[in-house]
Amino acid sequence: MIMQQRIETALAGLQPAHLQVLDESHMHSRGQETHFKAVLVSEQFAGLNSVKRHQKVYATLGELMGQFHALALHTYTPQEWETIGAAPASPTCAGGHP
């Protein structure tokens, strides 16, 4: 199973109303599976600030976190998602890890 699918499968544990995992490695590391973006909408984020939401995602991913370099997280409640409707675009890579 490719890393993107492994991340999606793990994040399904948060019972998302919307889940999108994008492999953005091509923007950073010449196609290796190292950089991902996750847009996650879950009722489980209600009442949590962004740090607590991210901690919840990291805990859900568990050991997968050590198997890639970067994960851009965009976490929303269903109510926030209704208002926002889309996650921001990822910035271009500033170099760093190949």
Side-chain angles (χ1 to χ4, degrees):
M1 183 183 311
I2 64 171
M3 185 58 67
Q4 180 178 352
Q5 292 170 326
R6 293 174 69 196
I7 294 169
E8 289 171 351
T9 299
L11 292 179
L14 293 174
Q15 302 171 325
H18 174 80
L19 173 61
Q20 181 181 27
V21 177
L22 300 171
D23 183 348
E24 294 187 331
S25 300
H26 65 281
M27 296 167 51
H28 305 275
S29 60
R30 297 181 294 280
Q32 298 170 2
E33 292 182 302
T34 57
H35 291 70
F36 296 91
K37 173 181 177 175
V39 180
L40 188 58
V41 179
S42 175
E43 198 62 57
Q44 293 187 28
F45 296 141
L48 300 179
N49 65 26
S50 61
V51 171
K52 295 289 187 193
R53 291 176 185 195
H54 289 197
Q55 289 172 339
K56 189 177 223 17
V57 171
Y58 300 150
T60 300
L61 290 172
E63 67 180 38
L64 277 179
M65 286 298 298
Q67 298 181 28
F68 51 86
H69 177 69
L71 177 64
L73 288 176
H74 302 277
T75 56
Y76 306 99
T77 65
Q79 296 77 18
E80 291 166 343
W81 186 246
E82 277 185 34
T83 303
I84 297 168
S90 296
T92 56
C93 185
H97 297 59

Q: Using the test side-chain contact (heavy atoms from CB on, under 4.5 Å), find all partners of L19 that sit at least two apart in sequence or belong to another chain.
A: E8, L11, P16, V21, L40
Q | Same apolar cluster: L61 and L22, side chain cutoff 4.5 Å | A | no
Q. Between atom OG1 of T77 and atom CD of E82, what is the distance when rounded to the nearest 0.5 Å?
A. 8.5 Å
Q: With rounding to the nearest 0.5 Å, note down the distance linking CD1 in I2 to CG in D23.
A: 7.0 Å
Q. Taking all atoms of both residues into account, what is the closest heavy-atom pair of L64 and F68, and its distance?
A. O-CE2, 3.1 Å
Q) Can you name the side-chain hydrogen bond (donor to acceptor under 3.5 Å, both in side chains) partners of Q67, sequence neighbours left out? A) R6
Q: Please check if L48 and L73 belong to a single hydrophobic cluster, counting links between Ile, Leu, Val, Met, Phe, Trp and Tyr side chain heavy atoms closer than 4.5 Å.
A: no
Q) What salt bridge (charged side-chain N to carboxylate O under 4.0 Å, His left out) pairs are there with at least one residue in residues 38-49, not counting sequence neighbours? A) none
Q | Fellow cluster residues of Y76, listed by chain then number, with links counted only when side-chain atoms sit under 4.5 Å apart | A | V39, V41, W81, I84
**Q.** Set of residues satisfying side-chain hydrogen bond (donor to acceptor under 3.5 Å, both in side chains) with respect to Q44, sequence neighbours excluded
**A.** Q15
**Q.** Selection residues 50-66 - residue pairs positive for side chain to side chain donor-acceptor pair (under 3.5 Å), sequence neighbours left out
**A.** R53-E80
